[in-house]
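First the proteins, then the strands, lettered A, B, ... as listed; each starts at 1. In this text the structure is predicted, and so the values were computed from the model without any measurement.
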Protein chains: 2
Amino acid sequence: MPKIVDAEARRQEVVHAVFRIIASDGLERASLREVADEAGLAVGSVRHYFASSDELLAFSFGAVIDRIAGRLEAALGAVEAEPPGSQEQHVAVLNLLGQFLPLDEELAVDACVWMAFRHAARIKPVLAAEAERSHRTVAAVVGRLIMALNPGESAQEGLVTEAERLLATLDGLCMHSLLQPEWMTAEMCSDVLAAHLRSLEASPVSR
Amino acid sequence: MPKIVDAEARRQEVVHAVFRIIASDGLERASLREVADEAGLAVGSVRHYFASSDELLAFSFGAVIDRIAGRLEAALGAVEAEPPGSQEQHVAVLNLLGQFLPLDEELAVDACVWMAFRHAARIKPVLAAEAERSHRTVAAVVGRLIMALNPGESAQEGLVTEAERLLATLDGLCMHSLLQPEWMTAEMCSDVLAAHLRSLEASPVSR
DNA sequence: TTGTTTTTAGCACGAACGTGCTTCCACAGC
DNA sequence: GCTGTGGAAGCACGTTCGTGCTAAAAACAA
């Protein structure tokens with residue numbers, strides 16, 4: 001048997017190098033040479049684990065989706081475990097929504113990478129499948145959140161609209177936090193989220 | 001005097017070539033050679049009007065900002081000309097908000113280009129100044145819209161929060177329309193905007 | 001020790017990029 | 001006519017990119 005290396009761990013190290021490069025220098029700088037440098041490897045070594053640049057990027061996209069989805073699922077479980085309308089549920093909801101925003105270093109890197117890949121997927125067909133999965137996964141989480149906030153509501157159409165509205169607001173907040181951090185501060189994000197939740201409570205779906 | 005050409009018109013032609021390339025192939029494909037091809041010119045000719053690639057991109061960013069700002073200002077004027085709370089004002093507001101979304105070919109191109117440049121500005125310092133101007137301009141329009149919808153309201157803080165919330169929702173809708181057009185249809189955009197306006201009316205800023 | 005196989009490293013090629021620089025061309029002014 | 005200037009085109013250089021390919025190094029079974 002040859003030299004044994006935890007291949008999966010190596011792949012994750014390379015993927016994290018991709019994350020760091022995208023967060024600091026953008027997706028277009030995430031070339032094989034740059035990634036290899038950042039990971040402390042040679043280009044040939046990176047290509048041993050990823051057949052091509054496209055495969056590396058697609059895998060990295062999937063990895064960041066899994067990270068985000070994992071956080072969201074955990075936070076959503078906490079929301080659904082609390083009684084509807086309670087103060088505890090409100091806190092859990094704010095925590096869930098906060099997972100979308102670049103509130104700390106790790107969240108910021110993931111948000112950068114996530115946004116970069118989603119926008120790149122508009123052009124690069126290799127990323128389209130993961131972009132689809134990303135949207136489906138996150139939309140499902142937000143949909144379940146809206147259902148948890150409107151218990152007993154059966155008007156499907158209105159719930160879907162409210163879910164899309166919340167999702168759009170979250171993506172917009174995330175975008176502004178990344179692109180205009182001096183305007184969209186953490187306090188402003190918090191205020192906007194609070195206002196949105198207030199509007200959800202004030203005017204329930206059923207009209 | 002040498003051969004006389006309307007220099008400003010030529011620059012606009014080149015800029016429109018940039019727009020088409022960004023909308024169809026992304027910003028990273030907007031190289032001097034691609035732009036020159038799309039405009040039916042040689043690289044040297046493009047460089048006669050724009051000293052460098054950076055200058056071409058920065059100028060194109062400014063051009064798309066001016067286009068969008070022009071549409072928004074016109075639509076905002078129509079809103080402010082109608083009596084608050086009237087049906088006519090409601091229609092004017094919907095028209096203004098629709099200017100943010102890729103509802104036709106021209107709006108779609110501008111939205112693509114706008115998003116691409118804003119995201120690129122996070123990394124490319126040459127675009128930072130225009131990104132600032134873009135944000136200030138659009139935020140001012142949305143702010144005036146919120147003021148028009150809350151006449152006589154003096155609570156500055158709440159108004160700013162509502163403006164940022166509307167802006168985030170609009171950017172999120174625009175993003176989703178560009179990235180997931182099969183999910184975020186024009187009808188869904190319309191529904192979400194209608195729901196947002198309803199929430200604005202139902203729970204005014206003053207608590 | 002030897003042999004096998006994974007891992008790591010590196011070379012070389014073609015393509016695309018920005019850019020400095022030079023070269024033609026057309027036409028207004030003399 | 002001639003001349004000079006602005007417009008258009010293109011060459012050439014260095015850099016970066018992905019990728020096919022080769023080869024050394026390393027680690028374990030025999």
Side-chain angles (χ1 to χ4, degrees), chain A residues 1-22 24-61 116-117 120-121 123-128, chain B residues 1-22 24-61 116-117 120-121 123-128:
Chain A
M1 287 291 175
K3 178 176 177 180
I4 288 198
V5 167
D6 187 337
E8 194 50 41
R10 268 271 200 264
R11 286 167 73 94
Q12 286 301 324
E13 287 176 28
V14 175
V15 165
H16 277 102
V18 172
F19 288 177
R20 288 194 296 274
I21 291 176
I22 292 179
S24 64
D25 295 333
L27 182 59
E28 61 277 3
R29 300 296 295 269
S31 66
L32 285 179
R33 286 170 176 84
E34 289 276 350
V35 172
D37 264 22
E38 177 72 29
L41 297 174
V43 176
S45 306
V46 175
R47 293 188 57 207
H48 177 71
Y49 294 98
F50 299 96
S52 68
S53 171
D54 282 349
E55 183 182 319
L56 170 59
L57 294 183
F59 186 85
S60 301
F61 192 5
F117 274 125
I123 300 300
K124 300 197 81 175
V126 259
L127 304 178
Chain B
M1 286 291 176
K3 182 175 177 180
I4 289 200
V5 167
D6 187 338
E8 194 49 43
R10 269 275 199 261
R11 286 166 73 94
Q12 285 302 324
E13 287 176 27
V14 175
V15 164
H16 277 101
V18 172
F19 288 177
R20 289 194 296 273
I21 291 176
I22 292 178
S24 63
D25 296 333
L27 182 60
E28 62 277 2
R29 301 295 296 269
S31 66
L32 285 179
R33 285 170 176 84
E34 290 276 349
V35 172
D37 263 22
E38 177 73 28
L41 296 174
V43 176
S45 306
V46 176
R47 293 187 58 208
H48 176 72
Y49 294 97
F50 299 95
S52 68
S53 172
D54 282 350
E55 183 183 319
L56 171 58
L57 294 183
F59 186 85
S60 301
F61 192 6
F117 274 124
I123 299 300
K124 301 198 81 175
V126 258
L127 304 178

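Taking 4.0 angstrom as the limit, Ser31(A) places none of its side-chain polar atoms (N or O) nearer than this to OP1 or OP2 of dT16(D). Residue Tyr49(B) places none of its side-chain N or O atoms closer than 4.0 Å to OP1 or OP2 of dG6(D).
At a cut-off of 3.5 angstrom, counting only N and O atoms as typed in the model, there is no donor on one side facing an acceptor on the other between the side-chain of Arg47(A) and the base of dG18(D). A donor N or O paired with an acceptor N or O is found under 3.5 Å between the base of dG18(C) and the side-chain atoms of Arg33(B).
In terms of modelled atom types and a separation under 3.5 Å, the side chain of Arg29(B) and the main chain of Ile21(B) share no donor-acceptor contact. Between the Arg33(B) side chain and the Val43(B) main chain, no donor and acceptor come within less than 3.5 Å of each other. In this structure a side-chain-to-backbone donor-acceptor pair under 3.5 Å is present from Ser60(B) to Leu56(B).
If you take CD of Glu28(B) and C1' of dC17(C), they are 13 Å apart, rounded to a whole angstrom. Rounded to an integer number of Å, the gap from CG of Asp54(B) to P of dG20(C) is 12 Å. Straight-line distance from the CD atom of Glu13(A) to the C1' atom of dT8(C): 14 Å, rounded to whole Å. Nucleotide dT15(D) holds its P atom 15 Å from the CZ atom of Arg29(A), rounded to whole Å. Taking atom CD1 of residue Ile21(B) and atom C1' of nucleotide dC17(C), one finds them 14 Å apart after rounding to whole Å. Regarding Leu56(B), its CG atom lies at a distance of 12 Å from the C1' atom of dG18(C), rounded to whole Å. Atom CG in Leu32(A) sits about 13 Å away from atom C1' in dG20(D), given to the nearest Å. Atom NZ in Lys124(A) sits about 13 Å away from atom P in dC17(D), given to the nearest Å.
Counting only heavy atoms from C-beta on, Ser52(A) has its side chain closest to dT19(D) among dG10(D), dT19(C), dT19(D). The side chain of Arg10(A) approaches dT8(C) more closely than any other nucleotide in the set dT19(D), dA9(D), dT8(C). For Glu34(A), counting side-chain heavy atoms from C-beta on, the closest listed nucleotide (dC17(D), dT19(D), dA8(D)) is dC17(D).
Nucleotides of DNA chain D nearest to Ser53(A) and Leu41(B) differ in position, and the one nearer the 5' end is that of Leu41(B). Closest-nucleotide positions on DNA chain C for His48(A) and Val43(A) were compared, and the one nearer the 5' end corresponds to His48(A).
Residues Asp54(A) and Lys124(A) are paired through a salt bridge, judged by an N-O separation under 4.0 Å between the basic side chain and the carboxylate.
In this structure the side chain of Phe19(A) reaches within 4.5 angstrom of the side chain of Val15(A), judged on heavy atoms.
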